[in-house]
Amino acid sequence: MKIEETSLPDVLILTPARFGDARGWFSETWNAERMRAVGLDLAFTQDNHSFSATQGTLRGLHYQAPPRAQDKLVRCSRGAILDVAVDVRKGSPAYGRWTAVELTPENGRQLLVPKGFLHGFVTLTPDTEVQYKCTDTYAPDCDGSVRWDDPDLGVDWGLSGDPVLSAKDLAAPLFRDWVSPFVYEGKA
Ligand SMILES: Cc1cn([C@H]2C[C@H](O)[C@@H](COP(=O)(O)OP(=O)(O)O[C@H]3O[C@H](C)C(=O)[C@H](O)[C@H]3O)O2)c(=O)[nH]c1=O
């Protein structure tokens, strides 16, 4: 597993090795024992899979608040996405800063988005599928979001037109009107 930093110190890119042969290739997309050995001790309890038919579908910026906060390991198994994480841990030196990484089945990249970060993605092709592991199960009462196009965050989604959004995302609050439930406790 290749582990790379992004422009946000605690958001990592994990790219599993691919073992090729005449049939194609095999890859371990997650191995808890190997990851614990390099200091990534994550107990995933839920796997998610979403399909977005239209290019330019934007899901985000979302979080699940404590005590049900989730670390997420995100990968794209069909199509392509620009995956975005925003540090919203009060007291973090990177508070309000974002990073974006292109995930495709071809590049095999997975984005590790820790607790305390907003998460969202925009699809770069039609018929895109995203699969991600979470370290807590779904808790609707703790589910929250912030505007994808918030002017203070200034995320560059690379969009050429209006995105396809859910009603929930259309109604999300602005960053300045929102109080983060997360506190920075040093490196994730
Ligand atoms: C997140 C979730 C949703 N649902 C149900 C609730 C709704 O009936 C339906 C769609 O939910 P939602 O519109 O919140 O789905 P997304 O817009 O893809 O939300 C996700 O998108 C961003 C990228 C995330 O990181 C989060 O995992 C999550 O917020 O699935 C469940 O049953 N379980 C779940 O864990």
Side-chain angles (χ1 to χ4, degrees), residues 4-14 42 46 48 50 52-76 80-103 109-124 128 130-188:
E4 302 167 89
E5 290 202 353
T6 64
S7 56
L8 290 181
D10 295 327
V11 177
L12 302 175
I13 300 170
L14 308 185
L42 296 163
Q46 180 173 312
N48 295 334
S50 69
S52 303
T54 309
Q55 178 173 335
T57 297
L58 197 153
R59 297 175 185 253
L61 291 161
H62 299 163
Y63 66 93
Q64 201 159 276
R68 306 296 303 272
Q70 298 168 313
D71 304 279
K72 295 168 189 166
L73 182 61
V74 187
R75 65 192 177 96
C76 177
I81 62 168
L82 187 69
D83 206 29
V84 172
V86 187
D87 189 343
V88 289
R89 299 169 297 176
K90 288 178 289 195
S92 168
Y95 185 75
R97 282 183 35 214
W98 56 273
T99 191
V101 178
E102 186 169 330
L103 307 182
R109 288 175 147 191
Q110 303 178 108
L111 195 64
L112 181 59
V113 181
K115 298 181 183 74
F117 288 74
L118 303 177
H119 177 238
F121 64 81
V122 64
T123 62
L124 305 177
T128 289
V130 176
Q131 310 199 21
Y132 50 110
K133 306 177 82 69
C134 303
T135 54
D136 204 337
T137 50
Y138 183 48
D141 295 346
C142 296
D143 191 47
S145 51
V146 172
R147 280 289 300 249
W148 65 278
D149 58 348
D150 184 86
D152 295 325
L153 296 179
V155 175
D156 179 2
W157 297 94
L159 283 164
S160 52
D162 293 337
V164 175
L165 295 164
S166 67
K168 177 180 84 171
D169 289 347
L170 275 168
L174 287 172
F175 190 54
R176 67 172 68 109
D177 299 334
W178 175 74
V179 178
S180 172
F182 301 102
V183 177
Y184 180 67
E185 296 165 351
K187 278 187 74 61

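Residue numbers start at 1 and run along the sequence shown.
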- Item | Salt bridge flag under 4.0 Å for residues D83 and R109 |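 Not counted as a salt bridge, because no side-chain N and carboxylate O are separated by less than 4.0 Å.
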- Salt bridge or not for K168 and D143, using N-O below 4.0 Å?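 Looking at D143 together with K168, the answer is yes, because their closest N to O distance falls below 4.0 Å.
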For [X] and [Y], work out which heavy atoms get closest and say how close.
X	Y	result
V11	A85	CG2-CB, 4.0 Å
F182	Q64	CZ-O, 3.5 Å
T135	A69	OG1-O, 4.3 Å

Gap between atom [atom2] of [Y] and atom [atom1] of [X] - 0.5 Å precision:
X	Y	atom1	atom2	result
L118	H62	CG	NE2	9.5 Å
L82	F121	CG	CZ	11.0 Å
Q131	C76	CD	SG	9.0 Å

- Message: Please evaluate residues R89 and D10 with respect to the criterion salt bridge (charged side-chain N to carboxylate O under 4.0 Å, His left out), reporting the C-alpha separation (whole Å), side-chain torsions for both, the decisive distance (0.1 Å), and the verdict.
- Response: CA-CA 11 Å; R89 299 169 297 176; D10 295 327; 2.9 Å; yes
- Side chains of L73 and L42 in contact at under 4.5 Å (non-hydrogen atoms):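 No, side chains not in contact.
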- State, with a plain yes or no, whether a side-chain heavy atom of E5 is found less than 4.5 Å away from one of L12.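 Side-chain contact under 4.5 Å: yes.
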- Item | Any donor-acceptor pair under 3.5 Å from S180 side chain to K90 backbone |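 No: the side chain of S180 does not pair with the backbone of K90.
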- Any side-chain donor-acceptor pair under 3.5 Å between T128 and S52?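 Per modelled atom types, T128 and S52 side chains form no pair under 3.5 Å.
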- Should we say atom CG of D152 is surrounded by more than 12 heavy atoms from elsewhere, each under 6.0 Å from it?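 Enclosed: over 12 neighbouring heavy atoms sit under 6.0 Å from CG of D152.
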